[in-house]
Amino acid sequence: MKRLMVGLIVLVLALVVLAGAALLLVDANHFRPQIQASLGKALGREVSIGTLHMSVWTGSLEADEIRIGDDPRFGKQPFVSARSLDLGVELWPLLVHRQLHITSLTLDQPVVRLLQNRKGDWNFAGLGGTPAPAENGAAGAPGGLTVDRLRINDGRIELTRMAGDRKVYDHVQLSADHVGTQAAFPFELKADIAGGGTLALDGRLGPWQSGNAVLTPVDAHLAMHDLDLVGAGLMARDSGVGGVLDLDTQIASAKGVLRSKGRIDARKLQLVASGSPSPQPLRIDYQADYRLDNGTGRIADTVLHAGAAQLSIGGSFDNRPAVMRMDLKVKGARQPIDDLQPLLPVFGVILPKDSRLAGGTASMDLTVRGPLDALVIHGPVSLDGTRLAGYSLGDKLGGALALAGINAPRDTVIQHAEAMLTISPKGIDANPAKAQIAQLGSFTGKGRMAADGALDFRMLVKLDEGVTGAGQAGQGLAGLLGGSKAGGALGGLIKGMSTNGVGVRVGGTASAPSFKLDPKAAVGLLEAGTRSDSTQPASKPPADSGKDMLNNLLQNALKPKQPTSGH
């Protein structure tokens, strides 16, 4: 028994030695034409490999390089080029029958060029060749090549679309098992996105659709982290907008339509050049359909979350231009303003320094159109029951209100405000705009904020009658001017501000606005006040007399009272 065991061990060792010797005697390059032909037939492309070497211990073939040709319509550069190729093979068929059975394929540092022409066709669409027709006349699955194990190490993908924009993915790691053309197979892909961000994709791919690989079904999970919108080429570098995204979504592709559903977390998002990055992260729960044949898609059942605020988003997008174009509707009814604060700078809304909106609700019905880095947002926006904390509009109007004895509240309490807004890279236009301010009055007019924050608004201000009543206004003026003609004139001015209104020009910047009475409007009201005190028709004063009277009136009112004589 002992001798039998020893004999078996010796036999096994002899076989191993003989196999190793046979491998050493095999010229690996003898199989190069066969390997090139097999790979070329499976891919439907010309394949060339460099000098082959046999690895005795691993039972594999190693090539110095490999080049897979491209579709002739896309040029002469290779579709794939790699510095080395490692082929796992079955040894017994190779040694005994000179038959090549590939079990694994590993590419080291390959470069993959994905190109789209002006017609929208991709250079990878024809991979796999043309399937042979089945007996019943339907398209049949190609025989193709089956590989138990496919690996790509430290690869690079260069993607150029029909618009000419180019994206690069480095350090690509691909792992796929049981790869074939006749059934779906599992895969994992990881890559670094040039300009910032990482990508991870895992799921199942197939069966492969030879002749139009774009239609190959996919069911996978996609995760992207720290995606820089500018660095990745999704927004122009000089557009003044940008942001960083994290994306977690499930994707499924069938019959040329890619459906995705998931979540986007946006940091430092800025959609308008005149704005600033959001101070807090924003979350978007979205669903989208994307047509792979024409590069267009639709967004539905999408919600932008900012705290408890929720804005619904829907519409279409076009990914064919260099920068994606959007055509969306954004709606929200009576959303809490406190939670909308992080969205204000995203859309270029700037508040006066050291102020903030507090309490109340906001409603909007907006269209969002244009390229992603130059959006034009248009539609009505309204505010209800909020206040601009830390900013007194009444105090900023100054002069005449104080003379009339009107005390401006510390905060600006907005009972209701609404405007038809147009937000674009040039700034924000409000036409028309109106607001009802508590303890002050109504404002109506129009204007714009330029991209640099400069304001140019013309408003008609009507003070509340309760604020400018005869008793309050009269007491304020009597204390300063008594029953003088100037006091009556200023009283008429204040009364006119509630009846007819007075023009106000808003300038300065959004963070430091300035207010000036429109001289023509103020003079007109002043003249109306003086005429109301006289029963005789007044002769028309010279052009500047009204202005002079207003200036003298305000100057006299501001002079300190002289002490009365003891005589």
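Please read these numbers as outputs of a predicted model, since none were measured by experiment.
- F124 is linked by a ring pair (Phe, Tyr, Trp, His ring centres under 6.0 Å) to W122, counting only residues two or more places apart in sequence or in another chain.
- Under the 4.0 Å criterion applied to side-chain N and carboxylate O atoms, D318 and R320 are assigned as salt-bridge partners.
- Ring geometry, F317 versus Y290: the interplanar angle falls under 30°, so the pair is classed parallel (tilted spans 30 to 60°).
- We find that D365 and K329 are joined by a salt bridge, their nearest charged nitrogen and carboxylate oxygen being less than 4.0 Å apart.
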Hey, can you pull the donor-acceptor pairs under 3.5 Å for the side chains in residues 449-459, sequence neighbours left out?
unit_1, atom_1, unit_2, atom_2, d
D452, OD1, A454, N, 3.1
D456, OD1, R458, NH1, 3.2
D456, OD1, R505, NE, 3.0
D456, OD1, R505, NH2, 3.3

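- Using a 4.5 Å cut-off on side-chain heavy atoms (C-beta onward), T249 and Y286 make contact.
- Residue-environment remark: NZ (K331) stays at or below the threshold of 12 foreign heavy atoms within 6.0 Å.
- A donor-acceptor pair under 3.5 Å is formed between the side chain of Q116 and the backbone N or O of M162.
- For NZ of K167, the number of neighbouring non-hydrogen atoms (other residues, nucleotides, ligands) closer than 6.0 Å is greater than 12.
- Contact record, A362 with L383: CB-CD2, 3.7 Å, taken as the closest heavy-atom pair.
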| said: If you apply the rule side-chain contact (heavy atoms from CB on, under 4.5 Å), what do you find for L271 with I377, and how did you get there? | reply: CA-CA 10 Å; L271 297 179; I377 304 166; 5.5 Å; no
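- Side-chain N or O atoms of D411 include none that pairs as donor or acceptor with a backbone N or O of V413 at under 3.5 Å.
- Shown are K268, R267, R263, R283; of these, the salt bridge (charged side-chain N to carboxylate O under 4.0 Å, His left out) with D246 is made only by R267.
- With a 4.5 Å cut-off on side-chain heavy atoms, Q250 and K261 do not count as touching.
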